[in-house]
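A quick note: this is a predicted structure, and the numbers were derived from the prediction, not measured. Chain letters run A, B, ... following the sequence lines, proteins first, then strands; residues in each count from 1. All heavy atoms count here, side chains included; hydrogens, waters and symmetry mates do not.
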There are 2 protein chains.
Amino acid sequence: MLTKDDWRTIRSCLLLRSMEEEDLLALIDERMVLSLERGEQLFGQDDPARALFLILEGRMKLSRLDADGGEAVVHIFAKAETFAEAAMFLDKKYPMSAVAVTPARVLAIASTALRARIAAKPDVAFAMLASMSSHLKALVNQIETMTLLTGEERIIRFLIDLIGNRSGAVTLTLPYEKTLIAKRLGMRPETFSRSLARLRVIGVEIKGATVAVTDVQSLRDRHR
Amino acid sequence: MLTKDDWRTIRSCLLLRSMEEEDLLALIDERMVLSLERGEQLFGQDDPARALFLILEGRMKLSRLDADGGEAVVHIFAKAETFAEAAMFLDKKYPMSAVAVTPARVLAIASTALRARIAAKPDVAFAMLASMSSHLKALVNQIETMTLLTGEERIIRFLIDLIGNRSGAVTLTLPYEKTLIAKRLGMRPETFSRSLARLRVIGVEIKGATVAVTDVQSLRDRHR
DNA sequence: CGCCCATTTGAGAGTAATCAAGTTTTGTGG
DNA sequence: CCACAAAACTTGATTACTCTCAAATGGGCG
């Protein structure tokens with residue numbers, strides 16, 4: 001079932017928003033909405049790729065698992081974002097796994113339908129290319145971040161991203177578990193916890209998932 | 001000037017190989033071949049993106065520079081590879097800089113021409129999507145590698161990639177300077193040098209740019 | 001209440017960066 | 001072809017950072 005809000009979400013996503021009504025209707029099928037519990041896997045690494053996904057509600061973690069149990073969290077996607085676009089053009093296998101990190105609802109968009117639309121309408125191709133470009137850019141960012149910044153600096157950047165353009169004293173809620181944030185930032189939960197605690201001296205108070213920043217500017221000053 | 005070998009290169013590249021003659025001719029202009037000296041910059045971070053590039057000869061380094069002089073090498077592209085596809089679909093600015101790390105010749109393919117071809121021919125769109133998918137996959141790999149492996153393990157993986165499917169005793173030449181390999185693997189030259197030296201005990205002899213591996217299997221065994 | 005899980009904290013070890021010399025290689029002009 | 005300067009590379013000592021292992025602590029939920 002697609003609610004009114006779902007349609008708003010669909011309309012706000014980079015991949016679909018430029019699409020004409022008829023194209024959208026050709027792609028979207030109400031029966032393709034999947035509900036996932038927290039922790040439930042949508043697809044696994046190397047599963048055959050038959051669809052890409054749009055998040056209607058919740059958040060999904062995309063990560064790569066290695067032989068001895070290590071996990072590299074590549075990205076965490078939120079409402080109105082699409083993921084798994086790339087797989088349908090190469091191996092037709094997902095190169096990583098997708099797991100819900102909150103209860104979630106996702107809309108599956110069949111590869112075959114989308115390929116057909118691309119073949120029929122160049123605009124759809126451009127939308128797809130834009131969407132993939134934006135993922136590419138995010139990954140480049142992530143590589144830069146992990147190469148050039150220390151753990152503490154990555155945390156600061158993460159907080160600044162959450163703060164957005166607010167200023168002065170700001171209170172915010174961490175969007176997901178600290179353990180997950182830690183992995184997403186490429187560090188151990190212990191290291192994250194310690195580094196976060198160390199930010200107290202520059203006016204960052206943590207209480208559970210609530211973060212109070214005394215003065216956003218002092219954070220920004222510390223940030224390169 | 002495009003030589004016969006250049007045409008072979010063009011024909012072997014993922015983005016262009018599936019294209020029909022007429023599309024290719026519409027995209028490629030002999031006057032768009034650029035010769036670069038080693039160290040010469042093709043474009044800088046935030047330059048307006050008017051073209052993507054195919055390497056006819058040499059190698060190009062794509063990297064991101066931060067305010068205080070740090071450099072994150074995102075990828076090094078070789079002959080027959082294309083790069084900078086993504087910029088033309090979003091900001092129309094290159095998100096990183098491109099510098100020749102050997103003397104190089106590159107073919108510029110104008111964004112406008114390519115967009116026109118995509119609009120006219122779905123096949124071109126698919127080729128483009130496949131090309132971008134492959135870059136996406138490479139970046140995901142890089143993130144995994146940098147998150148999950150130690151420096152030494154990344155070096156081993158790098159060597160194994162160079163070795164390809166050869167076995168037994170193998171001698172190979174490092175494809176570019178050690179300093180650059182180090183950065184590409186996300187570590188300091190000093191660390192690279194030391195780690196490489198440490199591989200001697202598992203049968204890796206280094207002499208200048210020449211690497212002799214006594215037994216490839218022992219490398220693979222150490223590799224996860 | 002009691003268990004499970006996330007989080008915190010501590011101690012110690014390991015990994016990589018930085019700073020500082022050397023050494024080797026490379027490219028260039030004489 | 002040699003000399004020399006610049007760049008690349010190596011090596012050593014030290015410091016910074018992050019991980020691992022281990023043991024609390026705390027909260028949420030049946």
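- In this structure, Phe53(B) has its ring center under 6.0 Å from that of Phe43(B).
- Checking dT9(C), dT11(D), dT18(C) against every side-chain atom of Ala197(B), the shortest atom distance belongs to dT11(D).
- Listed nucleotides: dT15(C), dA6(C), dC19(D). Nearest to the side chain of Thr179(A): dA6(C).
- The NZ atom of Lys178(B) sits 13.5 Å away from the CG atom of Leu185(B) when rounded to the nearest 0.5 Å.
- A salt bridge links Arg200(A) and Glu205(A); the closest N-O separation between the charged side-chain nitrogens and carboxylate oxygens is under 4.0 Å.
- Atom CG in Leu180(B) sits roughly 17 Å away from atom C1' in dT26(C) (whole-Å rounding).
- We find that CZ of Arg198(B) is positioned 13 Å from P of dG14(C), with the value rounded to whole Å.
- Applying the 3.5 Å distance criterion, the base of dT18(C) shares a donor-acceptor pair with the side chain of Arg194(B).
- OP1 and OP2 of dT7(C) both lie 4.0 Å or more from every side-chain N or O belonging to Ser193(A).
- Atom CD1 in Ile181(B) sits roughly 12 Å away from atom C1' in dC9(D) (whole-Å rounding).
- If you measure from atom NZ of Lys178(B) to atom C1' of dT24(C), you get 10 Å, rounded to the nearest angstrom.
- Residue-to-nucleotide contacts include a donor-acceptor pair under 3.5 Å from the side chain of Glu190(A) to the base of dC21(D).
- We find that CG of Asp68(B) is positioned 15 Å from C1' of dA17(C), with the value rounded to whole Å.
- Regarding Glu205(B), its CD atom lies at a distance of 15 Å from the C1' atom of dT10(D), rounded to whole Å.
- OP1 and OP2 of dT24(C) both lie 4.0 Å or more from every side-chain N or O belonging to Lys207(B).
- In the set dT18(D), dC9(D), dT15(C), dC9(D) carries the atom at the smallest distance from any side-chain atom of Glu177(B).
- By the 6.0 Å contact criterion, CD on Glu30(A) is enclosed, its count of non-hydrogen atoms from other residues, nucleotides or ligands being greater than 12.
- With values rounded to the nearest 0.5 angstrom, Ile155(A) atom CD1 is found 9.0 Å from Ile181(A) atom CD1.
- When the C1' atom of dG14(C) is taken as reference, atom CD of Glu153(B) falls 13 Å away, rounded to whole Å.
- Distance Arg38(B) CZ to dT25(C) P: 16 Å, rounded to the nearest Å.
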